[in-house]
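Everything below concerns the one structure shown next.
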Amino acid sequence: MVEAQTWTTRRMSNPRLDTTANDQVLDIPATPPGDVRNNNAYTGGSYFSPTVTTALIIASWYLSNIGVLLLNKYLLSFYGFKYPIFLTMLHMIACAAYSYASINFLEIVPLQHIHSKRQFFKILALSAIFCFSVVCGNTSLRYLPVSFNQAIGATTPFFTAVFAFIITCKKETGEVYLALLPVVFGIVVASNSEPLFHLFGFLICVGSTAGRALKSVVQGILLTSEAEKLHSMNLLLYMAPMAALILLPFTLYIEGNVAAVTLEKARGDRFIVFLLIGNATVAYLVNLTNFLVTKHTSALTLQVLGNAKAAVAAVVSVLIFKNPVNVMGITGFAVTIMGVVLYSEAKKRSKVTTH
């Protein structure tokens, strides 16, 4: 057995540290608290304070979320680009490319790997649900105004509770279920009074909302073990290329040779290239800023901001696209948003009492 070296023997073995004086004592300063380190980091490496940085990130989150909605609406309804599946596929390709660059080169989060076929197929299943939800959401924008699209999207908590009960038999408290009543009632009122109501657009928008809720429930079931859990940005890195490959045969079969049509259109109008690249980039920024908001605030803050985002997006879209609205439609939307807020509070209280 080799005797462990002591600090003295190591020091005496180095002639530069050899001294006949008394043992020297190294005065190592204490590690400062986390808030001090963070403040120093900001003053030394950033031009903005933590508060300003967080505000800028939240503003970027709002701009990207609302921006992708408005760009999708403009492309699909006003510009005449009637290929929602191909547009979604471009989003997925952009998300895959940007995710690879941000994780492997910018290192915004550590790279995680897929460790088994089982995990791979679970992510593939999530990608399929993700495709369905995004394609339906983009397609609905061809037929519905953004304001009504957002009103329907606000009912996600209702579908989440339904799928959680059907798939996992998870029961919520009575208060949570009661809070869902205004969510549903508000969208019924808004639908009956929507001037630009379109049945097919309404159905696929409901399908998109249900798909988004189903993905969150299924993700909670499939990726539960610590070995299989992936960071949201790593999950996007793997889901995006899978989703693009899933969408490829559908866009070829349903939308035809859309790539050739797009190239031909680009020869006559270069603006479409800018629109498509910008649109796909903003689609990735939605995911990136979603992660950054959660990192700099909390998941609860993101939920609150999401509730307000639907209303802000609706107002901005009405101002830009001038789609008609009426008092009953606004009232229905407001009731739905109020129900979502009540639902969030009820869920928060039920978690506190459970724990």
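Because the structure is predicted, anything quoted here is derived from the model rather than measured.
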Between Ala266 and Val273, the two heavy atoms sitting closest are CB-CG2, 3.7 Å

Which pair of heavy atoms, one from Ile129 and one from Gly211, lies closest together, and at what distance?
CG2-O, 3.4 Å

Tell me whether Lys347 is salt-bridged to Glu172, with the criterion being a basic N under 4.0 Å from an acidic carboxylate O.
yes

Partner of Trp61 under side chain to side chain contact (heavy atoms under 4.5 Å, CB included), chosen from Leu305, Leu56, Val286, Thr294
Leu305

Mutual orientation of the aromatic rings belonging to Tyr100 and Phe105 [parallel < 30°, tilted 30-60°, perpendicular > 60°]:
perpendicular

Can you classify the ring geometry of Tyr74 versus Tyr79 as parallel (below 30°), tilted (30 to 60°) or perpendicular (above 60°)?
tilted

Hey, could you give me the CE/OG distance between Met233 and Ser99, rounded to the nearest 0.5 Å?
5.0 Å

Over all atoms of both residues, closest heavy-atom pair of Tyr62 and Lys309:
CE2-CA, 3.6 Å

Interatomic distance, Ile57 atom CD1 to Phe291 atom CZ [nearest 0.5 angstrom]:
9.5 Å

Test side-chain hydrogen bond (donor to acceptor under 3.5 Å, both in side chains) on Thr281 and Tyr98; report intermediate values, then the result.
CA-CA 8 Å; Thr281 301; Tyr98 285 127; 2.9 Å; yes

Cys205 and side chain to side chain contact (heavy atoms under 4.5 Å, CB included): which partner among Thr139, Leu141, Thr155, Asn149?
Asn149

Give a yes-or-no answer on whether the side chains of Ser102 and Tyr284 include a donor-acceptor pair shorter than 3.5 Å.
yes

